[in-house]
Engineer: 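Structure incoming, see below.
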Amino acid sequence: MPSSVGETGGGVPRVSPLVVYARGIVRKGVVAGVRRLVLGGVLLCGAAGAATPYRVQAGDTLLGIALRAGVSVSAIRAVNPALRASSTVQLGRVIQIPDRSAPATTHTVTAGQNLTVIARKYGLTLTQLVRANPKYASGRPVPAGARLSIPARQVPVYLTTGRDTVAPAAARPAARSTRVVTTPAATARSASPRSSAAWLWPVTGYTTVSSGFGGRTLEGEGEQHYGIDIVAPVGTPVRAARAGRVLESRPDYQRGWGWTVVIEHPDGWITRYAHLSANLTKQGEWVVRGQPIGRVGDTGRSTGPHLHFGTYLRWNPRDPMSLYR
Ligand SMILES: [Zn+2]
């Protein structure tokens, strides 16, 4: 059912902006790019209170750090006593970013899903998923329609350097009185996009867009959707829309992207590919236009197999469909 495929609404913390005083000079040789802070796997339920050090970068704000980490400013303050009485953080200072808990939930198995796929979707190890569902410990397959317990868990914290990928406007839920208008693109069933000289359509042969760019309503909440959702089967190759350098290739459960790739292109454009079942490139690599960089999946905050494709010009979100007309 294409119309139901997309992301589920995510909680972006509502926080107030604080300014970072950038003192000193950025060290020569520091390149803009991804700084992975925590490489550790998913922690078991109950490992509360974990935090990850982060060195404040030029251009950071506490709000930006919080948004990127998927936690609130107050949560950061709670584990950084020095920030409680201060409205600023200094460049180069190391602060602690608290891990975020994801609540327990259930998952209804769909046709073709196995435990490995489902574990990956929620950022769990197979062992953790089986422990919560002991009837499948024998290795017997999970039937479609079966309901699995997804235990409460700590999701890994990653922070990237550079500009926020979530605009502050997205942190403000639509007022109750505001009617969220679904964009025309959101209802397009077959947009018939085609590649242009510059931009290659990232999933060859699949053109159904289940959710377009802009305001939309998910689970009763209004939110901004900074990209388009292209429906395609799990495993379909995802190709780089343009040549560029890989900024991120990693799981990002904090922000609901699941396995995601972000590519920086030479002229200020950035593309994001999310909810992947496999990543086929590494951070720092250069990729050519059309190179397979991942496979379509259903990982992270996603309600069915699709590619979330986001395009940004210097991190300002742009409607990908405007690039394929
Ligand atoms: Zn999406």
Side-chain angles (χ1 to χ4, degrees), residues 1-12 67-68 70 110 120-123 160 164-167 169-171 173-174 180-191 193 199 201-203 206-234 236 238-241 247-263 269-279 293-313 315-324:
M1 186 86 78
S3 59
S4 67
V5 171
E7 291 87 28
T8 56
V12 178
L67 284 172
R68 271 153 44 212
T110 58
R120 196 171 207 217
K121 174 174 171 58
Y122 292 97
T160 58
D164 305 338
T165 56
V166 180
V180 175
V181 179
T182 305
T183 60
T187 53
R189 287 291 166 266
S190 182
W199 293 85
W201 189 248
V203 274
Y206 295 93
T207 58
T208 300
V209 174
S210 65
S211 185
F213 181 93
R216 66 177 181 181
T217 305
L218 278 171
E219 296 175 349
E221 294 284 330
E223 66 161 31
Q224 288 296 314
H225 185 225
Y226 292 138
I228 59 174
D229 295 341
I230 306 167
V231 180
V234 170
T236 306
V238 173
R239 299 175 187 283
L247 276 181
E248 301 179 26
S249 178
R250 62 185 177 95
D252 184 351
Y253 289 96
Q254 285 283 338
R255 287 179 296 165
W257 296 127
W259 282 80
T260 184
V261 170
V262 176
I263 302 175
W269 284 93
I270 294 161
T271 51
R272 175 184 293 284
Y273 312 79
H275 311 305
L276 304 175
S277 59
N279 286 22
I293 46 114
R295 294 190 179 282
V296 171
D298 184 26
T299 56
R301 214 160 57 222
S302 165
T303 57
H306 76 285
L307 172 70
H308 171 96
F309 178 50
T311 51
Y312 306 81
L313 183 56
W315 282 123
N316 296 302
R318 294 282 186 269
D319 184 355
M321 296 306 286
S322 68
L323 304 168
Y324 288 92

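Keep in mind that the numbers below use all heavy atoms, side chains included, and drop hydrogens, waters and symmetry copies. None of these values were measured; they are calculated from a predicted model. Order of appearance sets the numbers: ligands from 1, and atoms from 1 within every ligand. Starting from 1, each residue takes its place in the sequence as its number.
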Engineer: Below 2.8 Å, any N, O or S contact between H308 and the Zn ion (ligand 1)?
Structural biologist: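 Yes, since at least one N, O or S atom of H308 sits under 2.8 Å from the Zn ion (ligand 1).
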Engineer: Classify the side-chain pair D252/T260 by whether it contains a donor and acceptor separated by less than 3.5 Å.
Structural biologist: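 No.
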Engineer: Just say parallel, tilted or perpendicular for the rings of W201 and Y324, cut-offs at 30° and 60°.
Structural biologist: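 Perpendicular: the ring planes of W201 and Y324 meet at over 60°.
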Engineer: Just checking: H306, one of its N/O/S atoms, less than 2.8 Å away from the Zn ion (ligand 1), yes or no?
Structural biologist: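 Under 2.8 Å: H306 has no N, O or S contact with the Zn ion (ligand 1).
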Engineer: Does H225 reach the main-chain N or O of G212 with its side chain, forming a donor-acceptor pair under 3.5 Å?
Structural biologist: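 Such a contact is found between H225 side chain and G212 backbone.
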Engineer: Restricting to N/O/S, name the atom of D229 that gets closest to the Zn ion (ligand 1).
Structural biologist: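 Checking each N, O and S atom of D229, the shortest distance to the Zn ion (ligand 1) belongs to OD1.
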Engineer: Within the side chain of T208, is there an N or O that forms a donor-acceptor pair under 3.5 Å with the backbone of V231?
Structural biologist: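 Looks like no, no N/O pair under 3.5 Å.
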